[in-house]
There are 4 protein chains.
Amino acid sequence: MAGRLLASGVELTVYNRSRERAADLAAAGAAVAGEPAEAVRGIDGAGTADGAARTDGAGGAHGAGIAVTMLSDDAAVEQVALGAAGLVSSLPAGAIHVSCSTISVALSRRLAAAHAAAGQGYVAAPVLGRPEAAAAGKLFILAAGAAETLARCGPLFEALGQRTFVLGDDPVLANTAKLVCNFLIASVIESLGEGLALAERSGIPAPQCLEILTETLFSAPIYKTYGNLIAAGSFEPAGFKLPLGFKDIRLAIAAAEAVEVPLPIASLVHDHMLAALARGQHDLDWSSFVRELPRSSRQPR
Amino acid sequence: MAGRLLASGVELTVYNRSRERAADLAAAGAAVAGEPAEAVRGIDGAGTADGAARTDGAGGAHGAGIAVTMLSDDAAVEQVALGAAGLVSSLPAGAIHVSCSTISVALSRRLAAAHAAAGQGYVAAPVLGRPEAAAAGKLFILAAGAAETLARCGPLFEALGQRTFVLGDDPVLANTAKLVCNFLIASVIESLGEGLALAERSGIPAPQCLEILTETLFSAPIYKTYGNLIAAGSFEPAGFKLPLGFKDIRLAIAAAEAVEVPLPIASLVHDHMLAALARGQHDLDWSSFVRELPRSSRQPR
Amino acid sequence: MAGRLLASGVELTVYNRSRERAADLAAAGAAVAGEPAEAVRGIDGAGTADGAARTDGAGGAHGAGIAVTMLSDDAAVEQVALGAAGLVSSLPAGAIHVSCSTISVALSRRLAAAHAAAGQGYVAAPVLGRPEAAAAGKLFILAAGAAETLARCGPLFEALGQRTFVLGDDPVLANTAKLVCNFLIASVIESLGEGLALAERSGIPAPQCLEILTETLFSAPIYKTYGNLIAAGSFEPAGFKLPLGFKDIRLAIAAAEAVEVPLPIASLVHDHMLAALARGQHDLDWSSFVRELPRSSRQPR
Amino acid sequence: MAGRLLASGVELTVYNRSRERAADLAAAGAAVAGEPAEAVRGIDGAGTADGAARTDGAGGAHGAGIAVTMLSDDAAVEQVALGAAGLVSSLPAGAIHVSCSTISVALSRRLAAAHAAAGQGYVAAPVLGRPEAAAAGKLFILAAGAAETLARCGPLFEALGQRTFVLGDDPVLANTAKLVCNFLIASVIESLGEGLALAERSGIPAPQCLEILTETLFSAPIYKTYGNLIAAGSFEPAGFKLPLGFKDIRLAIAAAEAVEVPLPIASLVHDHMLAALARGQHDLDWSSFVRELPRSSRQPR
């Protein structure tokens, strides 16, 4: 995402909790900050990969300061945004914090209140798409926040994604929508794991079954992506690690608890993920919570 | 399906357990039989809507007699195929029974054995697609049976569907594949029901959430079809009634039991369907096992 | 059970599908029959271990012929009762078939009809208790059937069990009650498996946790019996093999389907049992569907 | 519990967040404090109903100051123990905090650290038993903490309960054991709800089914207590309200997440409780998450 911003001509100062991860961006022209507050100092800095940053494009609608965060979980966002040298205490009034991380509805609500109290804007803008989509500017952006704040973010969103869906005024709507999406992806993984196991064990090779599915009723790319991983039992290297996926399912369950909605498939996936973690699959792709498929056989029992 | 056969020039004798349902087909040129045996008598008869029939196309590969059955459940197929005046006892040696119904793996295995013992061919050819797709010849056909038997059915399949997937020699492979598909459709319904409930109750109108889903990661038409039904709470008239859907989930579970594969989402759906039946939803669409969505509100609790 | 009858002075002819299993009973005074029909021939024979038999006590209320069956599943009962040389065709009018097996509600209904058509009595009398309880005459008997038929079975029940619960006129009521009991036992096993795993992994040794449970709120012996098996991971030799337990859970689910009641814990157990069967646990105790407990550690992660 | 302490001759100062709830205890001889710090001021105060207190028995082993808390959830305990005028800042070094509330393992761990840092003792001592058992001194106490600290609490535990189970040095062991117990009670409720529904709908009245269960294999009082509530559909007045039960199930799931143990029945109950809350059952007994039983009928479908 930071690469896309640099490529679009934005002046960018980046901060990453693991400084070495910023090396490539430095080579591509980004200034590198040692802490969030530094990343948003001045008025011409901009952007971030994992961490905080302030964008201040040379021209266009995002001439105003915008800090973008994309971090792995609530704890990281809390530290970068609400910590001692964090965004809330560092950003000038009128600046905007665009939070792209998949975080809890509860934390998003706290961020909205903290930024509002500091006279800053806050936009929740989680994204859909694997790393390749981010590199190609093909993300989908789910955005929510005050209309005029969103308007200032328009050029930023254009640089990052292929389409932006505006959920409304309340930032938590975007976080909720993102959790719905991740829950549905997990549902696809679980259902494919079950269905392909039935196929394989019955004598239909998983790749053949998957071809039938994806070329008929289940043509969405998500079925092909995860179906191939599951059929091949190929969970390394992880595109998205299991503990992060588990975090997202817990966030979906927590969001649903808050509005008294049961999510039985999420509970099922939650339990399967825990069993997978107990088996030591912390570094595998999150789709590995689906157990290894039984080997295909033409002589099912 | 019978309409498609008539339109393609096939001579067709049809039999339906509810004779009045054959009226439209009679008007379209089909002969109407009073029982299965009559439908397959002679060598020039052909086809059926719901029931049994023998096709004997004027020329081409399906010059040999083919009886097609498309019935609602195991009991009906058992009666029409294995009953006193049924296909096994009526068809001449060398004729082929093409069974398009979604039936149990166990019954398909029995049919294969009975037809083989009678010197007849047997092909399992369940289809994917709602009634509109059938009328338009846009079904997908999942076919399995002996290669030369399948070859004789080629023109028939071309008249009925847009594409045929051949699963292999053993007819039960096609039945299993069909059950995997229906299981996955049920999984989509359940997951959409849960996800849209979370969205609605959190203040995101279901249609908006559905638009985001179907225009990003979940672009398969099945998400739009069932998502719209669920978002609208529109379960009448039923495209496919709940008791039939329940039957299919039970068949999937039974097929999985036979090969010792657990299907937790199927169990979940099974239980939700039972609760829906207990609420009296026998005449609603099968997607109605998803409970009515809570009403959207901008002030979630 | 046959031993108890012999000990109570009943004249007994026994039949077992595996004849060698009748050896001990022969030594104890039972006549041994080669087929069900033979076991119930004459008017003074009586009883059975696994198989069919006719009791005709020297005096008392069960002077009339009674055949008792205790078999492993529906198929066995169907063969022994409804087969060619089975009880329905062999018993004289007025005789009674007491079916103690845990069978499906559907088969019990068929048996009731078949015996009624033959002028015979039919009582469903499944029992509660492990083999030790049977040997000690400490079974609980769940009985249902016509009142006068039950009355004739009174002395038989007294010889076999410590208490008889009469469910009503319709024999299937007793079968249903038995399935409810077995379902509840399976629920205890599953919940203990989960709870003890949480304890162990948190640093509380399973035996200590079990002691707390069974000496406070969960004082029923069933908790101690299965808790000890689970805590020790001791699933061989099997008191009741996993495939038989799986059969019972399927019967409970089927009975519940017929009256449109969902049983979510039964579905859960069903799926865990299938996974255990897929791991090859066919000869282990049915409680082995609970996975092996994680090893206790004072340093939980 | 405070009444028991007063009756045993302990000098008691009580604090309740809702002061009027302390009126009965004042009448029974307790001093009433306006805030936690006041309750533990001096060296002769003692005890509490809902809130904080310091016991300093006239003689015997608990001559040293002991503050007992019994509060409804983590937030209340956090406020009373860790807040501005809370126990950690108010208790003298060497005093002991006995926490009887059912709280999270995580908070118990924080309390242990905070009290240790202040030179105070900390014992987790959650209890088993409904209010009647507490009034009669018949509670079971699950206690964990440093051995010498526990020894000083001995007389206190004797006054409160019929038996104390010592889990070990680490206070969180007692909290975990308590969560295991509450999880198992919830499992009993869910399984009884399912089993009695099957019975009722099949024509066996729930009270009759319950009698069979509780007089055979399921003789623990917990089956009778909750079975009667469920059979009668009698969920008001609540002995323990649904939101509190939901809290406990969430705590059990959280404790299990921390040690990577899936609890599928807890997930099931979690979802059923959420559905019950969505139906507005906040003031009903926690066993009301079991849906109302279908009405018994001798003519099941």
Side-chain angles (χ1 to χ4, degrees), chain A residues 73-75 78 104-107 109-110 176 179-180 183-184 186-187 189-190 193-194 241-284 286 288-291, chain D residues 73-75 78 104-107 109-110 176 179-180 183-184 186-187 189-190 193-194 241-284 286 288-291:
Chain A
D73 59 19
D74 273 32
E78 200 169 344
S104 70
V105 169
L107 177 58
R109 207 181 299 278
R110 281 176 59 205
T176 303
L179 293 175
V180 170
F183 159 67
L184 283 172
S187 300
I189 294 171
E190 173 68 29
E194 298 182 18
K241 288 190 179 179
L242 181 57
L244 289 174
F246 182 59
K247 177 207 72 172
D248 287 2
I249 287 296
R250 288 183 66 197
L251 294 181
I253 292 173
E257 284 173 346
V259 291
E260 296 178 343
V261 170
L263 298 181
I265 292 186
S267 292
L268 200 65
V269 166
H270 171 275
D271 292 340
H272 292 181
M273 285 178 161
L274 266 180
L277 290 169
R279 292 194 299 268
Q281 301 176 201
H282 300 72
D283 288 325
L284 302 189
W286 76 314
S288 70
F289 71 83
V290 168
R291 302 178 145 287
Chain D
D73 59 18
D74 273 32
E78 199 169 346
S104 70
V105 169
L107 177 57
R109 208 182 297 278
R110 281 176 58 204
T176 303
L179 294 175
V180 170
F183 158 67
L184 282 173
S187 300
I189 295 171
E190 172 68 29
E194 297 181 18
K241 288 192 179 178
L242 182 56
L244 288 175
F246 182 58
K247 177 207 73 169
D248 287 1
I249 287 296
R250 289 183 65 198
L251 293 181
I253 292 173
E257 285 173 346
V259 291
E260 295 178 345
V261 170
L263 298 180
I265 291 186
S267 292
L268 201 64
V269 167
H270 171 276
D271 293 339
H272 292 182
M273 284 178 161
L274 267 180
L277 290 170
R279 292 193 298 269
Q281 300 175 203
H282 300 71
D283 289 324
L284 301 188
W286 76 314
S288 70
F289 72 82
V290 168
R291 303 178 144 287

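Shown are A:Asp271, A:Leu268, A:Leu263, A:Leu274; of these, the side chain to side chain contact (heavy atoms under 4.5 Å, CB included) with D:Ser267 is made only by A:Asp271.
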For this session: Run the numbers on A:Glu260 and D:Arg279 for side chain to side chain contact (heavy atoms under 4.5 Å, CB included), then give the verdict.
Result: CA-CA 9 Å; A:Glu260 296 178 343; D:Arg279 292 193 298 269; over 6 Å; no
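Only the side chain of D:His270 comes within less than 4.5 Å of a heavy atom of chain A; its backbone N, CA, C and O stay farther away.
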